[in-house]
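Structure first, commentary second.
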Amino acid sequence: MNNRKRTFISFVSSATLAIVLCFTCCIDAASAPVKWKHLTSKNGDLPVPGKSTQQTGALIGDFDGDGVNDFIISCRQVAPALVWFRRVDDGWKRIVIENEYLTVEAGGAAYDIDGDGDLDVVFGGDWQSDQLWWWENPSPDFNPDISWKRRIIKQGGAHQHHDQAFGDFLGNGGMQLAFWNQQAKKLFLAEIPENPREAKSWLLTEVFSGAESEKLPYAEGMSACDVDGDGIQDILGVSYWFKYEGDGKFKAVYLGSPGGLIFGGDLIEGGCPEIVISPGDGSGPVKLYECKGDPMKTESWQARDLIGRDVIHGHSLQLGDVDGDGHLDIFMAEMAKWSNKPEPDNPNATAFILYGDGKGEFNKTELIKGHGWHEARLADLDGDGDLDILNKPYTWETPRLDVWINQGQQ
């Protein structure tokens, strides 16, 4: 594998002024340490992604290299498949990346795959597709009339590729792509070829197979985290963390049920990072797992409920220092709609921010209730150094985009 230096940017992958909205805003000024300015495409604050009412993925990155984050939205149902929202002085400019119709699944990842100094883009096909793709960033020659060059990472085999993450999971100084192949119930590692622009596909290694496991009813959730503190990134997926043991083999360490979106961070400062899991396309508790012994042993991971009730399709989970106090916080939110019926499936869908103290205690606040969330992201979207929130609902009031700009403590 090519170990030459590549640009890598990782995001905790993660929002007008107090306006009167058609739903109830549940911010308690006495308990919420951050104020928010809500921008929405429904009011013309942001461009609408397209005509698709099924918005699948959201990806954050500085794709034009100007030092400020942009974001990409993926859609299926109708073209375009990928739309870039490039940050400009007065907001965001909508630029099409993939003008064709593709059945793109949720997830996505960004990394300088071809080593030319800019961020390239990865997304996978859904249940209708056996393909996983990457798009070459044409920076600085952005032509809004020309789609980015799309290439194949994987084709053939089982369908559906929900969630991807880049990391040096082999500890060899290179970078690999981990991804789920849902209909195979398998986790794969793909090594970047020596000449990725010329490669017809990437070399795949099977990391884990859950086909025979009752603990893996649906493979969803993916991120990177050095769980055991050995300086090598590990893979987090569903309800497991995966440790590379050499010779192409990984050990799966089961954390607990239910599985789903999964991220690790130093929520109790010192020692092993804690792991937070939220059910994505399902219902159940949001749990924090704290290691009380050997992280390689399931029994060392002690879980506790963070929300106090089951969340309903909690398909948004992010970790980040939202209030700027130096301690990690937790953002999580529920979907309002996922079926084909016209009315919301979960009309009281709620977004929570759990402000952490670095000792494992949290001030639980409600950002908003009655708003649909899916694949929301925490990131600095306006370049002022604090974390904002990006949300693109899956089918609730779509096509639609919302951004919550962090106004700091008031």
Side-chain angles (χ1 to χ4, degrees), residues 10 12 163 165-176 178-180 185-189 205-280 284-307 317-320 327-330 332 354 356-362:
S10 177
V12 180
D163 302 321
F166 279 103
D168 182 9
F169 304 115
L170 301 178
N172 61 9
M175 195 66 65
Q176 305 88 42
F179 68 91
W180 283 111
K185 284 195 172 184
K186 291 183 178 182
L187 172 63
F188 289 99
L189 199 68
T205 299
E206 183 180 310
V207 172
F208 176 76
S209 175
E212 305 301 324
S213 174
E214 295 180 359
K215 298 176 181 178
L216 193 71
Y218 179 67
E220 177 180 50
M222 169 79 64
S223 64
C225 178
D226 180 4
V227 175
D228 57 359
D230 65 353
I232 299 173
Q233 288 181 302
D234 305 301
I235 303 171
L236 299 181
V238 188
S239 52
Y240 297 84
W241 76 275
F242 300 92
K243 168 71 177 177
Y244 183 60
E245 295 189 308
D247 296 326
K249 303 296 183 181
F250 285 79
K251 178 178 176 60
V253 180
Y254 180 68
L255 297 169
S257 179
L261 308 190
I262 181 168
F263 291 93
D266 205 12
L267 292 155
I268 303 173
E269 293 160 8
C272 291
E274 287 63 52
I275 297 173
V276 181
I277 303 178
S278 172
V286 176
K287 292 183 178 181
L288 181 146
Y289 289 85
E290 179 185 1
C291 185
K292 293 286 191 176
D294 183 351
M296 298 293 290
K297 297 179 178 180
T298 295
E299 57 267 26
S300 296
W301 293 93
Q302 298 185 7
R304 60 185 167 102
D305 188 348
L306 291 175
I307 303 298
L317 177 68
Q318 298 276 272
L319 307 184
H327 307 303
L328 278 182
D329 310 308
I330 302 170
M332 70 77 45
L354 281 62
D357 64 358
K359 301 176 182 178
E361 300 300 323
F362 299 91

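- Contact detail for Gln233 and Gly167: the closest heavy-atom pair is OE1-CA, 3.2 Å.
- The two residues Pro273 and Cys225 come nearest to each other via the heavy atoms CG-SG, 3.7 Å.
- Side-chain N or O atoms of Asn172 include one that pairs as donor or acceptor with a backbone N or O of Gly174 at under 3.5 Å.
- Judged by distance alone, with hydrogens and angles left aside, the side-chain atoms of Gln176 form a donor-acceptor pair with the main-chain N or O of Leu170 at under 3.5 Å.
- Rounding to the nearest 0.5 Å places OG of Ser223 at 10.0 Å from CD1 of Ile235.
- Here CD1 of Ile277 is found 8.5 Å from NZ of Lys287. Values are rounded to the nearest 0.5 Å.
- Note that CZ of Phe362 is 6.0 Å distant from CG of Leu306, once rounded to the nearest 0.5 Å.
- Closest of all the heavy-atom pairs between Pro279 and Pro285 is CD-O, 3.4 Å.
- At least one side-chain heavy atom of Leu261 sits under 4.5 Å from a side-chain heavy atom of Glu220.
- Salt bridge annotation for Lys292-Glu290: present, with a cationic side-chain nitrogen under 4.0 angstrom from a carboxylate oxygen.
- Separation of atoms CD1 (Ile262) and CG (Leu236) is listed at 4.5 Å; rounding is to 0.5 Å.
- Between the side chain of Asp163 and the backbone N or O of Gly221, at least one donor-acceptor pair lies under 3.5 Å.
- Checked for salt-bridge contact, Glu206 and Lys186 meet the test: a charged N lies under 4.0 Å from a carboxylate O.
- A donor-acceptor distance shorter than 3.5 angstrom exists from the side chain of Ser300 to the backbone of Asp294, with no hydrogens or angles considered.
- For the residue pair Gly293 and Cys291, the shortest heavy atom distance occurs at O-SG, 3.1 Å.
- One distance of note links CZ of Phe169 with CD1 of Ile232; it measures 12.0 Å at 0.5 Å rounding.
- In this structure, the side chain of Trp241 does not engage the main chain of Ile275 through any donor-acceptor pair within 3.5 Å.
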Leu187 vs Val238, side chain to side chain contact (heavy atoms under 4.5 Å, CB included): CA-CA, chis, key distance, verdict = CA-CA 10 Å; Leu187 172 63; Val238 188; over 6 Å; no
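- Minimum heavy-atom separation, Tyr289 to Ser257: OH-N, 3.7 Å.
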Side chain to side chain contact (heavy atoms under 4.5 Å, CB included) between Leu354 and Ile307, worked out = CA-CA 9 Å; Leu354 281 62; Ile307 303 298; 3.9 Å; yes
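- Of the possible donor and acceptor atoms, none in the side chain of Asp234 sits under 3.5 Å from a partner among the backbone N and O of Asp226.
- Going from atom CG of Leu267 over to atom CG of Leu288 covers 6.0 Å, rounded to the nearest 0.5 Å.
- Aromatic ring pairs are classed by plane angle as parallel below 30°, tilted from 30° to 60° and perpendicular above 60°; the pair Tyr240 and Phe208 is tilted.
- Note: Phe242 and Trp180 have perpendicular aromatic rings, judged against thresholds of 30 and 60 degrees for the angle between ring planes.
- For the pair Met332 and Val286, the tightest heavy-atom approach, listed with the atom from each and the gap, is CE-CG2, 3.8 Å.
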